[in-house]
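See below for the structure under consideration.
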Amino acid sequence: MSETLPPFLAACRRLPVPHTPIWIMRQAGRYLPEYRALREKHDFLTLMRTPELAAEVTLQPIRRFALDAAILFADIMTPLDGLDLGLRFAPGPVIERPLRTAAAVEAFAAHRGAGGVESVDQAIRLVRERLPREVPLICFAGAPFTLFCYLVEGRASKHFPTARAFLYAEPAASALLLDVLADIAIAYLEAQARAGAQALMLFDSWAGLLARDEYARVCLPPMRKVLAAVGHLGLPRIYFPLDGAPLLADAATLPVEVLGVDWRTPLSRAREIVGPTLALQGNLDPMALFADDAELDRRIDRVLEEAGSGPAHIFNLGHGIEATTDPDKVARLVDRVHRATAVPTFAQSTV
Ligand code: 1CP
């Protein structure tokens, strides 16, 4: 018997959809009062490491809004948890023992497995038991270069000067570290797939710090390794290079089904650059959720127009939702995207 494919998974494959699917980066998090209530009782690492709590936070936005996908509550740093780096959150990631010498990188290279796998495995199983079938679960990892930035810098930073200097000062150790991080991401994504992940997303939040030739030299090879290695799992792969406008043509050469676009590049322009073979995900400016309702509606409609009428669009914000956003605006957004794109006579695609 054939089954209908949930709209999010159909859009990842550029198949016809009954409406444009929507989910929101950082949909599980601080703008939700029910998340803040849990955070008063537990610190972030405890939430992340406790499967029952991580599952609960993952499901919170799904109960409130008609979202078309869930994303596992974890962090890009989760696979580095337990690898003796002294990871903590304040509120961004802090590495107590950053890797700043070739010797430190070589010692770290002894690890090729991923941390955090046990709790993530259990959280994914709990979420899958509780999610409705039409809401698939996205799991994710940090792109090797983005994790490299935190590991060398030791903490969040605007321009990651220590990490970028390390690329020039220690090219061999940098290449080794990026390769180790690729292997860690592969092990972690494979574990997530075994547990029940239905799509895999790679966040490359700091790719935009690099010039195009540096991006091609430093970021792309480990990224290509990760994406190629997880291809056999048969899950849609989503790659999101933040601030990636100059990098989109190169990013589109990666083996992915979906490219995430931040709010700075109109989707029509992204489509011209990447061509027809990928689905695009994005890209309402997260700050547009602070506009009055009429202006918000216009901004939503603009993104939909930019995406065009084809099926290959997943609506999202152009980056994570701000912590001070009013949840009612999210409800309005989800509802408007669904209504504006509903196909009344939709004959469901089958698998
Ligand atoms: O104090 C708190 O409550 C913790 C805040 C928080 C949350 C809710 C952090 C610390 N991480 C997360 C969860 C998280 N992080 C998710 C799952 C929830 C969801 O999306 O619904 C995801 C996908 C991430 C991904 C993530 N973490 C990225 C990539 C996306 C992006 O924002 O560019 C990055 C860069 C991080 C690092 C990180 N972890 C936490 C913070 C505050 C940060 C950003 C730090 C910085 O700006 O450098």
Side-chain angles (χ1 to χ4, degrees), residues 22-49 53-65 67 69-81 87-95 116 120 123-124 127 135 137-160 162-163 185 188-189 192 197 199-209 238-244 260-264 281-283 286 316-325 327 330:
I22 172 168
W23 69 279
I24 289 174
M25 287 191 274
R26 293 288 174 104
Q27 66 189 23
R30 287 189 153 173
Y31 73 107
L32 287 179
E34 54 271 38
Y35 174 80
R36 291 197 299 270
L38 266 186
R39 269 287 272 121
E40 272 172 30
K41 291 192 243 158
H42 311 281
D43 63 23
F44 176 72
L45 267 175
T46 305
L47 284 186
M48 185 183 95
R49 285 174 178 158
L53 293 173
E56 168 58 23
V57 177
T58 302
L59 293 166
Q60 282 177 343
I62 305 304
R63 292 197 194 104
R64 223 184 226 267
F65 312 114
L67 293 160
I71 180 160
L72 184 71
F73 183 78
D75 195 77
I76 58 168
M77 304 302 283
T78 307
L80 303 177
D81 193 17
L87 171 68
R88 58 185 176 83
F89 287 84
V94 177
I95 300 289
V120 163
I124 292 171
V127 171
V135 182
L137 177 63
I138 302 166
C139 294
F140 66 92
F145 175 68
T146 288
L147 294 190
F148 173 98
C149 285
Y150 287 108
L151 274 183
V152 178
E153 199 73 35
R155 55 177 57 246
S157 156
K158 209 163 173 215
H159 299 297
F160 290 89
T162 318
Y188 184 69
L189 292 166
Q192 293 188 111
L200 300 174
M201 177 147 170
L202 274 301
F203 285 96
D204 213 348
S205 302
W206 304 114
L209 291 175
I238 309 170
Y239 175 64
F240 177 53
L242 181 65
D243 213 354
V261 182
D262 78 33
W263 73 96
R264 284 161 280 211
Q281 177 171 280
N283 71 347
N316 206 314
L317 301 183
H319 195 201
I321 188 167
E322 275 289 308
T324 52
T325 307
V330 175

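Both counts, for ligands and for their atoms, begin at 1 and track the order of listing. Quantities reported herein were computed from a predicted structural model and do not represent experimental measurements.
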Is there a nitrogen or oxygen of [X] sitting under 3.5 Å from a nitrogen or oxygen of ligand 1?
X	answer
P91	no
S157	no
Q27	yes

How close does the nearest protein non-hydrogen atom get to [atom], and which residue and atom is it?
atom	result
atom 17 (C) of ligand 1	A74 O, 3.4 Å
atom 39 (N) of ligand 1	D75 OD1, 2.8 Å
atom 23 (C) of ligand 1	F140 CZ, 3.3 Å

Could you list which atoms of ligand 1 come closer than 4.0 Å to a heavy atom of [X]?
X	answer
P93	37 (C), 38 (C), 39 (N), 43 (C), 45 (C)
G92	41 (C), 42 (C), 45 (C)
S205	29 (C), 30 (C), 31 (C), 33 (O), 35 (C)
A156	46 (C), 48 (O)
A28	18 (C), 19 (C), 21 (O)

Who's closest to atom 35 (C) of ligand 1 heavy-atom-wise, of Y31, Y35, Y150, F89?
Y150
Heavy-atom nearest option to atom 36 (C) of ligand 1, drawn from R26, M25, M77, R30:
R26
Contact partition for [X] relative to ligand 1, non-hydrogen atoms under 4.0 Å:
X	answer
R39	side chain
T146	neither
W206	side chain

Flag for T78-D75: side-chain donor and acceptor within less than 3.5 Å:
no
If I compare all heavy atoms of L209 with all of K158, which pair ends up nearest, and what's the gap?
CD2-O, 3.9 Å
Heavy-atom side-chain proximity of M25 to I321 below 4.5 angstrom:
no
In the structure I gave you, are the side-chain heavy atoms of M77 and Y150 within less than 4.5 Å of one another anywhere?
yes
Would the distance check show the side chain of Q27 and the main-chain N or O of A69 forming a donor-acceptor pair, the cut-off being under 3.5 Å?
yes
Classify the angle between the aromatic ring planes of W263 and H319 as parallel (below 30°), tilted (30 to 60°) or perpendicular (above 60°).
parallel
Whether F203 and F140 hold their rings parallel, tilted or perpendicular, with breakpoints at 30° and 60°:
perpendicular
Proximity of F160 and W206 rings by center, below 6.0 Å
yes
